[in-house]
Amino acid sequence: MHGYDGCLEEERIGLLEIKRFFISINGGEYADEIPTSWVDDAISDCCDWERLKCNATTGRVMELSLNYLKHYKSSNSNSSSDGAIILDLSLFPPFQELQSLDLSGNWFGGVHESKAYNSSGNLKQLKILNFGNNRLNDSILSYLNTLTSLTTLILYDNSIEGSRTKQGLANLRYLQVLDLSGNPITGRFIARLGLSSLRNLKRLDLSNNYGFTTPSQGIP
């Protein structure tokens, strides 16, 4: 038996906003696949919906799996000139206990806030963030560097070089796992990513980068 009476209304509304966003970036196509259990009615408990997990005591969303919701064949009007999608960070402030967020495989090329929120300040409990297989470049690093509670950050298969950042990820002092594989990072710019400041880092993957051929490795 759950220790709550159902999901919070603000989070149910927030989840439906997320669904509308993904329908929008697919140009209105594939709406019946994004996700089907997320329905706007007074009966459905959003904690029973697919692609998420709630805290059994508080009823708040703890995990969100929003991976591969952008269909590569769909058209959309929310993309940049190269077809990359801009992620609206204003979608996430309702989720105050969110600990794990998977946004991989959605063609995201950048982020912005459509509303006056401090989105990073509202993700104070976020531990795991997966931005793998997107189109993100160095501009994402300044935002990621504010998510100081992160312990795992997945950024494989993006366009991060390290040439246009000063701090990189140096503020992520609790980070233990970092996957930067499959990016165009060279030895010339690796120091700009701030990896030397990550004292708790236990696993770093720099494989399949320019100048890096080593597989994932532990950090002594």
Side-chain angles (χ1 to χ4, degrees), residues 52-53 55 60-68 87-89 91-93 95-106 108-113 117-220:
L52 62 86
K53 181 179 179 180
N55 184 306
R60 282 193 171 274
V61 175
M62 296 175 58
E63 300 177 11
L64 266 178
S65 299
L66 304 174
N67 52 312
Y68 293 93
L87 174 64
D88 187 357
L89 296 175
L91 295 168
F92 300 108
F95 307 101
Q96 297 179 12
E97 293 186 16
L98 191 62
Q99 296 183 20
S100 177
L101 177 59
D102 188 348
L103 293 163
S104 59
N106 285 309
F108 291 136
V111 297
H112 81 112
E113 289 184 287
Y117 290 120
N118 176 9
S119 295
S120 60
N122 285 280
L123 293 174
K124 294 180 179 179
Q125 296 192 40
L126 192 64
K127 304 295 184 185
I128 302 170
L129 177 59
N130 188 344
F131 255 132
N133 195 17
N134 280 290
R135 297 185 176 188
L136 299 167
N137 57 33
D138 287 3
S139 64
I140 193 63
L141 297 177
S142 59
Y143 169 67
L144 295 176
N145 203 34
T146 67
L147 302 177
T148 54
S149 61
L150 286 178
T151 60
T152 298
L153 178 57
I154 310 298
L155 294 168
Y156 68 85
D157 291 348
N158 276 285
S159 298
I160 296 169
E161 299 177 350
S163 63
R164 292 176 291 166
T165 181
K166 293 182 179 180
Q167 281 194 305
L169 302 170
N171 288 341
L172 305 186
R173 60 185 182 277
Y174 298 113
L175 202 64
Q176 298 179 24
V177 177
L178 176 60
D179 186 347
L180 284 165
S181 61
N183 283 278
I185 301 170
T186 66
R188 178 184 177 187
F189 296 119
I190 188 67
R192 294 191 181 184
L193 295 176
L195 303 186
S196 61
S197 298
L198 306 180
R199 302 300 184 185
N200 290 304
L201 199 62
K202 297 178 179 178
R203 185 172 183 271
L204 173 64
D205 193 339
L206 289 169
S207 60
N208 299 316
N209 278 282
Y210 299 158
F212 295 95
T213 57
T214 57
S216 61
Q217 57 187 26
I219 304 298

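Between I154 and T152, the closest heavy-atom pair is CD1-CG2, 3.8 Å. Of all the heavy atoms in D138 and R164, the pair that sits closest is OD2-N, 2.8 Å. Looking at every heavy atom in both residues, A170 comes nearest to S197 through O-CB, 3.7 Å. Minimum heavy-atom separation, L123 to F95: CD2-O, 4.3 Å. Between L126 and S149, the shortest heavy-atom contact is O-OG, 2.5 Å. Of all heavy-atom pairs between L206 and N209, the closest is O-ND2, 3.0 Å.
Inspection of the N67 and S65 side chains reveals no N or O donor paired with an N or O acceptor under 3.5 Å. Under 3.5 Å, the side chains of Y68 and N133 contain a donor-acceptor pair of N or O atoms.
The structure places OG1 of T151 at 10.0 Å from NZ of K202, a figure rounded to the nearest 0.5 Å. R192 CZ to L141 CG: the interatomic distance, rounded to the nearest 0.5 Å, is 12.0 Å. Interatomic distance, D102 CG to N106 CG, rounded to the nearest 0.5 Å: 8.5 Å. How far CD of E113 is from CG of D88: 8.0 Å, rounded to the nearest 0.5 Å. Note that CD1 of I160 is 8.0 Å distant from CG of L193, once rounded to the nearest 0.5 Å. The structure places CZ of R199 at 14.0 Å from CG of L172, a figure rounded to the nearest 0.5 Å.
Put simply, the side chain of L103 reaches to within 4.5 Å of the side chain of F108, judged on heavy atoms. Residues I185 and I190 meet the side-chain proximity criterion, which asks for heavy atoms closer than 4.5 Å.
The side-chain hydrogen bond (donor to acceptor under 3.5 Å, both in side chains) analysis of residues 172-184, with sequence neighbours excluded, yields the pairs D179-S181.
The backbone N or O of F131 lies less than 3.5 Å from a partner atom in the side chain of N158, making a donor-acceptor pair. Looking only at distances, no side-chain donor or acceptor of T165 sits under 3.5 Å from a matching main-chain atom of G162. One N or O on the side chain of N134 and one on the backbone of G132 form a donor-acceptor pair closer than 3.5 Å.
In the displayed structure, R188 atom CZ is contacted under 6.0 Å by at most 12 heavy atoms of other residues, nucleotides or ligands.
Qualifying salt bridge (charged side-chain N to carboxylate O under 4.0 Å, His left out) partners for R60, counting only residues two or more places apart in sequence or in other chains: E10, E11.
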Problem set entry | side chain to side chain contact (heavy atoms under 4.5 Å, CB included) between V61 and L98, worked out | CA-CA 6 Å; V61 175; L98 191 62; 4.1 Å; yes

For this session: Test L155 against L144 for side chain to side chain contact (heavy atoms under 4.5 Å, CB included), laying out the working first.
Result: CA-CA 11 Å; L155 294 168; L144 295 176; 3.9 Å; yes

